[in-house]
Amino acid sequence: MLAATYMKHASTRCWTKNLPLVTSVRTSRRTFILTALSTAATAAYSFVSPSISLANSLENGTYKPQHFQTTNERELQNLEAAKSNKPMFTRPEPNYPNHVPLYTFEKAMLFLGSSLGAFLHPERNEFIVALGESTAHPYFLNLLRDQMLSDPVGRQILKERPNITSTSLDLDHLSNLPPNTFGRTYVDWLHKEGVSPDTRVPVRFIDDDELAFIFQRYRQCHDFYHSITGLPIVREGEIAVKMFEFLNLKIPFAGLGAIFAPFNVKRRDERWRLFEVYYPWAWQCAIGCKPLINVYWEKIMEKDVNELRKELGVIVPPDMRQLRKVARMRRLKGLTN
Amino acid sequence: MATAATTAKTHTSDIVIIGGGPAGLTLASAIKNSPILKNLKIKLVEGGNLIEPLEKFNESPPPNFMNRVVSLTPATISYLKEIKAWNHFKEERTETYDNIYAYDGITNARIQFDSPEIATMCENFNIQSGLFQRIKELNQDNAENPLEILDKTKVIEIKSDEKNKWPILQLSTGDSIKTRLLVGCDGYNSPARKFAGIESRGWAYNRWGIVATLKYKDDAFRFPTGWQRFLTSGPLAQLPLPDNWCSLVWSTTPELADILMKLPEEKFVAMVNAGAKLSPSEMDYLYKLSAKNDETLMEEISWRLNLFNSKLKEEEYENYPLEIESIVPNSRGRFPLKLSHADTYVEERVALVGDAAHTTHPLAGQGLNMGQGDVKSLVKVLETSTERGLDIGSKFALEGYFSERYPANHVLLGIVDKIHKIYSTDFTPLVMARSLGLDAINNTPFLKDFMVSQISNK
């Protein structure tokens, strides 16, 4: 085609005009040679190309022979294909329902994110939950487990693995108990604070299933610690309970909360109350009282609450709501801030 | 009335061996086996009943394995083959194993040795009986000068002859023997060593070794393996015997040894199963229950073991021994553990072999093997001295034995002692360091090969 157009223009050029017809024969012979060569090349390539593509596919490992393949070879081939499709990293199997096995760096990132979030927004539950689970290193949970195993009631809890839900506690029955029982105290506290024993978020990131149960138990018994000490669910109360829990159970998450949370407390009187009243109370009480993880709360609902407190060694701190009300009144009157 | 005058005879002999244990019998048969030494006059004196029980063992061996079992290294077995005693051993009662698996009681760091025929478990009595049969065979070939075994004969006193200072042994039969060389193979409280005035230095480990014969459950396959778990109170070792039996050696503190020995047999088996897998705090609680012989002990052990086993992944099953099913009745025994090393093995007219010279912790299974090495060296030294025409009882002739064996034994005693000390602590930095070290050695093949070659080819 190109030769033809050239030929057309060639006739207009001066020096080719006077050339004999031999030129066109020569150019047409060149065309012929070119065409012949290109055809020969194409033919040769098409002769060789299956081998080239075969060699390529053999090198890639994607060779699929169509003929003479025994069943064994076919199975092996499928295995190879499956292996190449398998991802490089697979998560380990979950050890219990709700388990999400995390790699160590994922746990580290969870810790960083949730610690910042819990400091700035402690009212949001996800941060508290994630901070608790990412700091609960097996070392501390093992210490707690050994403590539970050496106590007979703790051992019973580990054997039976009770789960506290809003239905398992039977709140109606508890609210009908006489007012000095622990069960009644607990229900009264729930009403006063306006909360319910909602099913706590299940533990997801702790790998061993016995340690996960222990952490779950700790989470579910948190409300009982509130009610036996009478502390409310405002941030100040939570911080005080965290300090108490840290000193009693030595859970690192509670310790982090107790140490760092007061930095975000802005009101001066609140901070004063924490450092001068509730932290010393927590120190005195938690050291002297029995480890509360070993208390089988469901079974002592009908016990007299003061007797229970004396048995456990729990001292009731000053009523926080009362103190806060007094402080608020003074602030409103412009006395102190 | 005729008074029967006791004719107390004084015999003379070239060598008197006190003690009919494995060390003494090996020495006796090796000397009589040697073409150079076989014409020496040799007597073996043993205080207990030796010949009858050994003959009985040879003719009708007991159906169950006895509880005193030792691990023989390839070096020991090749020497026993050299003196042609091994074919008299009842090989069907020995178990050659290829794997040793040692793991930490706190962190479960482990080291695994996998070498063909790394050791052979053999009952003490089997060893003694095999050697005794060889001695009988040698005596048949050497009728003019047989080895005399004087059993049920106690040595009352050892004196020194005034003229030539040869030891004279006063026996309980009334006879006395004057000998050129006295070899003490008589155990830790060796009278021969006391006669020679040799100090033995060391310390008691304040541990007791509990031994028993147990049977594994037949629920999975394991290659015959020697298992050892280093608990803080002491190592718990399960050594393989033929036909899925195993021998237990549990070195533990005196208080726990008392508790465990008093337990009924079923509970003892459960405690052995617990000791192989559970954590130290769980074991502490179980020891407390065992002290009271509490009825809930079996329940607690099965709960914790089921929880532990359910958490094991498939590939981790082989990291723990099979559970024990039963125990041979009345096979529990115990012996105190101590380290001791005599200042010297040789004195004028006296040589010490085996436990008389050194005692060690059973955790490495080297005590008897060190004694066998002693025998080999002493026989070589005696042969050399006899060829050179020396007086075999002189210290000059015997010193080669002391200089060859003392450093090797001392090093091994020291290493075993340090291993015991490292694993007796639960101080966290040390625990982490030793676990790291163990894992590092486990992953270094050339180090493990070196260790195996040192232990088995010595």
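Here is the naming used below: chain letters follow the sequence lines, and residue numbers restart at 1 for every chain.
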Under 6.0 Å between ring centres: does that hold for B/Tyr103 and B/Tyr320?
yes
Can you check whether anything in residues 207-224 of chain B gets within less than 4.5 Å of chain A, heavy-atom wise, and list it by number?
none
Chain A contact via B/Ser279 - side chain, backbone, both or neither, heavy atoms under 4.5 Å:
side chain
Check step by step if side-chain contact (heavy atoms from CB on, under 4.5 Å) holds for A/Asp209 and A/His99.
CA-CA 9 Å; A/Asp209 83 313; A/His99 183 209; over 6 Å; no
Which atom pair, heavy atoms only, marks the closest approach of B/Leu263 to B/Met271?
CD1-CG, 3.7 Å
Can you tell me which portion of A/Arg145 sits under 4.5 Å from chain B's heavy atoms? Options are side chain, backbone, both or neither.
side chain
Which answer fits A/Asp208, side chain, backbone, both or neither, if we ask what part of it has an atom under 4.5 Å from a heavy atom of chain B?
side chain
Between the side chains of A/Lys159 and B/Glu300, is the shortest nitrogen-to-carboxylate-oxygen separation below 4.0 Å, so that they form an ion pair?
yes
What orientation do A/Phe224 and A/Phe182 show, parallel under 30°, tilted 30 to 60°, or perpendicular over 60°?
tilted
Tell me whether B/Lys277 contacts the main-chain N or O of B/Phe308 through its side chain, where contact means a donor paired with an acceptor under 3.5 Å.
no
Would B/Arg434 and B/Tyr423 count as a side-chain hydrogen bond (donor to acceptor under 3.5 Å, both in side chains) here? Give the steps.
CA-CA 8 Å; B/Arg434 79 184 186 212; B/Tyr423 280 97; 5.0 Å; no
